[in-house]
Each structure stands twice: as C-alpha cells, then as structure tokens.
Amino acid sequence: MNTREKTKKQNYRFSLAFKFILGLCIVGVCIMAGTAAAGVSTYWKSITRQYNEMAYQVARTAEGYFTEEELAGYADAVYRYCTGQAGKEEIDRIAESESYLRIKEQLDRLRASMQANDIFVFVFDIDLLKNFDQEAYDRMEWNPIYYITDSYHIEEQQFSIGDRSAVLQDYVQDCIQAYETGVHADNYFISKGEFGYNTSAMYPVVQDGRTVAFIGVEIPMSTLQENVKGYLVRIVLVGSAITLLLLAAATWFLMRTLIDPVKQVAKAAGMFVRNNNVISDALKRIHTGDEIQMLSESVLKMEEDINAYIENLTRVTAEKERIGAELDVAAHIQADMLPSIFPPYPDRKEIDIYATMTPAKEVGGDFYDFFLVDEDHLALVMADVSGKGVPAALFMVIAKTLLKNRAQMGASPKEVLESVNNQLCENNESEMFVTVWLGIYQLSTGKLTAANAGHEYPAVKREGEGFSLYKDRHGLVLAGMENSRYREYELTLAPGEAIFVYTDGVPEATDAENRLFGTDRMLSALNAHPEASAQELLGRVKEEIDGFVGSAPQFDDITMLCLVNRNERKADEGNNA
C-alpha cells in the first residue's frame, strides 16, 4: 500500500469517528436541552402557582378591610359616576371620608408588607366587558374597569377613585366568567407591560350571591425569574457533566464494536468497484452477530445483484431500443392516417380547412378526419379515445375506419354514430370508449348537420360576433352502451363564418400550478384575430396553450380542426339553386 492510500485510509477512519462523536455530542446537547426545558417549565408552573395563590390570599386579606356596606356603597357610587348617573361631588365626598382614607392606608401597608406592586379595588362595567370593541381597544378607548381605590407602589401613577382602565384582551372571557360565577379563574393572570412584569389576582367579592366588586393584586415576577435562572444553571451544569461521561463511554464502545467492522465492509466494497465488479471473499468472513453482519451480507448480495442487473440491463436496453423504434414507426403510421396535406382540396375555394394533432405520448388516442362524401358534402370528424398510448391508438384506428366507411355510404351523422356505436360495443372487453363530434357540411350552402357523442362543445364564429361555444346536446360516448340513440342538429355558416372543434386536451391543458387553460382562454385566442385563416387560428390557439403551460409536461393529446366558409355566394342563393 503506497503513502497516498495510507493517508486516504487514515482520513476515512478519522472522518467516520468524528461523525460518530459529533452525532453523540448533538444528541447529548439535545437531551440536556430537553431536560432543562422540561425542568424549567415544571419549576416555572409550580412557582407561578404559588405566587398566584399568594396574590389571591392577599386579596382576601384586603377584603377584610371593608365592611359589606362600605364596599357595596363605594362600588355603587363609582359605577353610577362612571356611567354618568351621578356627579363628581359624591365621588369626592367618598375620597375625603375617614373610612375611605383609613382603608387606603391599610391597603398601602399591606402592599408594602407583601412586597406587591399594587392592590386595587374596582368594579366592572359588565355590558362594556361583554361587548368587546377591537377598534376602541386598539385606540385605548375601551375601558371597562372603574377604580374604587388604588395603592400602586409608585404614588404618581396611582389611579384615583372614579378613574377608568382597560382589561388585557386575553383575559376578557375569564373576567366575565368570574363576574357571573363569583369564582376567580383557574388560570394565572400574568402580564408584562407598562406596570411591570406581574402575576395578578382578580378576586371577585360576592355579597348575597352577587359580585359587587373585584380586588386586584399584582405581585412582581422578578424573584421568580431569579429562582428560575438559578435552577437552569444547576440543571445545565449537572447535565453537562453527565453528558460528557456518557459521551466518553459511548465513544470508546463504538470505536471498538462498530467502526472497525464498518471499515472492513467499506474496504470490500471498494475492492468490488476497483476490480471491475469482481466479488471478494472478505465480506463472507465478517461474523459479528449483529447489524454489521447483516450489512456485510446485504453488500455481498447487492454485489451479486449488480452483476446480474448489468447482464439484464444489456438485454433490456436492446429490447427498449427495439420497442422505441417500433413506437416511432407506429407514430409515423398514425400521423399518416390523418389528413396532413393542406390545403387538402386546392380546387375547392369555398372552404378553408386546417387541422393538427399533438400527441402526449409517442402515439395518441385523439384523431380528426375530413373527407368528401360526394361533390357537395364534406364530412368532419373530431374524436377522443379513452386512455393513452398504444391501446388508445389501436382503438382509434378501428373507430376512425368505421366512422369513415359508414359516413361514405351517405348516412346522416345520427345514423353513422348509432351504427358505429353498436359495432364498437361488440367484444369490447377492454371497456374503452370514444367521444365523437361528427358533422356533414354542404359546400354549396354552408349548411352543417352534426351530432355529438359525448364530445366537447364546438366553437362557432358568427359574423360580427366572434367565436362562442355552441352548446349542442350530447349523446352517450361511442362503445358506452349498445343501441344508444343520438340527435342531430343543423346550423348554417354564412360566408366568412367558421366552426372550430377540438378535444379536451385544449381546455384541460395544465400549467405548473395545476391551473386549466379553459375554454375562456381558448375563445380569447380565437377572437384575437377572428378573420384569420384556419391555419393561423389553430396556430394562435397552440401558441397561447404553450405560453400558458410553460415548462409543465403535456398530459393529454391536443387536437384541433377549423373550417371557414369562404363561399362568396350567399347561403340563400345556394338554397334556391
């Protein structure tokens, strides 16, 4: 073994060990982080509950500073003042009374002794609370709290009796429930804003089964935060120590039991590649009794399968090339079956006709056809066979042949469809079907007799109106059910008017976002230059489809046919002849 191979071997060994150690470190860090997060979450919830319960205990203590008559009287006076039912004189009289000042002083001492940020007594405007106004809330004009007294620790920021304030949007429903039931909410009111980071108690005071007021207590969360930080530091230190010990033990174990056997498997696989798929016996000598042995056996089996696959691939490739050549021939045969020389009748100046088919696969199931039934009648066919590929192409050949043979016998469109339908239903074990639009066009008068077997609506251009869908009545698809009946309809194309028939590959062309091209876009493309030739109209539609679809694959055959009446005689002259 030369120096380069030795260096390469050492690099591979180091890389594998490094990846294992790095993976273990990541796992260890994730475990430590998850443990710390779970511990801090549990600790936080426990301490928060204690703080919140302490806040409610302080509220109950504050309730004892009032007599029932005092609190009910204060609440009623404040509510009437804030709702415009009483004057400020009554509020000022309460604020200057001895009993009110005594209670406020007691609340200040209680707040200081409990290290709370605020103890405040208030009433809710329950109607305003229930009718939450988002716009007023955003403008800070929605204030359902009416203050009775406030002992905020910063005296300059205290609310006075009769002042109003808002409720945080998140706690509106909890406050309504507490007001209606007289029982404080189970969850914790924790707020972080202009009055600090606090846990709050919203304690309802109930008299004679009715909530007369609320006592709010806000206790700062700073102590809780410090406790959580200390707890987090302890968890991280202990977790790091345990993780390091586990990493050391796991690394030693993995180096001895995993890396060396894997190196042997890698060496054997490398020899297979370098020696032109010659299988080595090294893999057969690995007997670890675990997944490494399973890996070596799988690699050995893979090498044997690769050699067999290469042999099969050579044969399959040759077969695929043969099939591809045959499909190419089939595609040319199918294309040759459709009219492809334009103009098809150079001496018949009374019509301009053009048609195209773009198959989604090598061969398709769509087809069009047109042929002279006699000197004055031209048959037009547009059809779409169910399915794709070779089966659809074979069914298409049968359907096209039957339709043409029956139409050339002089039958009407209705008779052609009914006859061909019964023929296609015979021995149709594959349950394929075909949609068909068939029309017989009279060259001298522009009269068109047509029938529709489950096909798309044709688009007809009228003089001065452009193209629009002609919603004819559909019959059942051909080969759908024996003895089906079809209806004919007639329309007359005046000189300059046209008919456009197509398969569903046109409106159902799909772009990369699965949006359909649709008949509206099709009609817009036709009406962009409605006086153009038949070939130009079809080219315009195909150009619009390609621009809409972009890079998305074509899922369906796209087939179109357009006939324009270029007869310079008027339709009524032809009828009188």
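Only this structure's heavy atoms are used, side chains among them; waters, hydrogens and symmetry mates stay out.
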Query raised in the report: How far apart are the C-alpha atoms of Trp437 and Glu456, what are their side-chain angles, what is the distance that settles it, and do they pass the side-chain contact (heavy atoms from CB on, under 4.5 Å) test?
Result: CA-CA 8 Å; Trp437 180 91; Glu456 303 291 321; over 6 Å; no

Can you confirm whether [X] sits close enough to [Y] that some side-chain heavy atom of one is under 4.5 Å from a side-chain heavy atom of the other?
| X | Y | value |
| --- | --- | --- |
| Phe433 | Leu424 | no |
| Phe124 | Thr211 | no |
| Thr435 | Thr503 | no |
| Val434 | Val420 | no |
| Ile545 | Val541 | yes |
| Thr559 | Asp384 | no |
| Leu537 | Phe467 | yes |
| Tyr368 | Pro339 | yes |

Polar side-chain atom of [X] near backbone of [Y] as donor-acceptor pair, under 3.5 Å:
| X | Y | answer |
| --- | --- | --- |
| Trp142 | Leu128 | yes |
| Tyr502 | Met382 | no |
| Asn421 | Met481 | yes |

Non-neighbouring partners of [X] that pass side chain to side chain contact (heavy atoms under 4.5 Å, CB included), sequence neighbours left out:
| X | answer |
| --- | --- |
| Ala534 | Asp352, Tyr354, Cys562, Val564 |
| Asp374 | Asp376, His377 |
| Asp511 | Glu513, Arg515, Phe548 |
| Gln173 | Ile176 |

Ignoring hydrogens, what is the shortest heavy-atom contact between [X] and [Y]? Give both atom names and the distance.
| X | Y | result |
| --- | --- | --- |
| Ala498 | Leu493 | O-CD2, 4.0 Å |
| Val436 | Ala383 | CG2-CB, 3.9 Å |
| Leu372 | Leu443 | CD2-CD1, 4.0 Å |
| Ala459 | Leu523 | CB-CD2, 4.0 Å |
| Ala166 | Pro144 | CA-CD, 3.9 Å |
| Gly496 | Lys461 | O-NZ, 2.7 Å |

To the nearest 0.5 Å, tell me how far [X] [atom1] sits from [Y] [atom2].
| X | Y | atom1 | atom2 | answer |
| --- | --- | --- | --- | --- |
| Ile353 | Leu378 | CD1 | CG | 5.0 Å |
| Leu538 | Leu561 | CG | CG | 7.5 Å |
| Tyr171 | Met202 | OH | CE | 9.0 Å |
| Thr358 | Asp546 | OG1 | CG | 8.0 Å |
| Thr83 | Asp125 | OG1 | CG | 7.0 Å |
| Asn452 | Leu476 | CG | CG | 11.5 Å |

Let me check something: any side-chain donor-acceptor pairs from residues 395-404 under 3.5 Å, sequence neighbours excluded? List them with distances.
{"from": "Lys400", "atom 1": "NZ", "to": "Met337", "atom 2": "O", "distance (Å)": "3.3"}
{"from": "Lys400", "atom 1": "NZ", "to": "Asp369", "atom 2": "OD2", "distance (Å)": "3.2"}
{"from": "Thr401", "atom 1": "OG1", "to": "Val397", "atom 2": "O", "distance (Å)": "2.8"}

Requested in this report: Please lay out, stage by stage, how Phe367 and Asp557 fare under the test side-chain contact (heavy atoms from CB on, under 4.5 Å).
Outcome: CA-CA 9 Å; Phe367 69 91; Asp557 305 332; over 6 Å; no

More than 12 heavy atoms from other groups under 6.0 Å of [atom1] on [X]:
| X | atom1 | answer |
| --- | --- | --- |
| Arg473 | CZ | no |
| Glu135 | CD | no |
| Asp347 | CG | yes |
| Glu180 | CD | yes |

Report task. Kindly assign one of parallel, tilted or perpendicular to the pair Phe342 and Phe370, based on the angle between their ring planes and the thresholds 30° and 60°. Result -> tilted

Report task. Please work out which of the three classes, parallel, tilted or perpendicular, describes the rings of Tyr457 and His474, given edges at 30° and 60°. Result -> tilted

Requested in this report: Applying side-chain contact (heavy atoms from CB on, under 4.5 Å), run through Thr492 and Thr445 and close with a yes or a no.
Outcome: CA-CA 8 Å; Thr492 299; Thr445 65; 5.9 Å; no

Query raised in the report: Of all residues at least two apart in sequence or in a different chain, which pass the salt bridge (charged side-chain N to carboxylate O under 4.0 Å, His left out) check with Asp472?
Result: none

Report summary line: Sorted by chain and residue number, the salt bridge (charged side-chain N to carboxylate O under 4.0 Å, His left out) partners of Lys349 (sequence neighbours excluded) come out as none

Is there any salt bridge (Lys or Arg N to Asp or Glu O under 4.0 Å) pair reaching into [range], and which pairs are they, with sequence neighbours excluded?
| range | answer |
| --- | --- |
| residues 415-435 | Lys414-Glu418 |
| residues 479-489 | none |
| residues 27-39 | none |
| residues 491-510 | Arg462-Glu497 |

Requested in this report: Decide yes or no on side-chain contact (heavy atoms from CB on, under 4.5 Å) for Gln423 and Arg406, but give the supporting numbers first.
Outcome: CA-CA 11 Å; Gln423 289 178 291; Arg406 189 69 181 93; 5.5 Å; no

Query raised in the report: What about the rings of Tyr470 and Tyr489, do their centers lie closer together than 6.0 Å?
Result: yes

Query - Residue pairs fulfilling side-chain hydrogen bond (donor to acceptor under 3.5 Å, both in side chains) with at least one residue in residues 516-534, sequence neighbours excluded - result: Ser533-Glu536

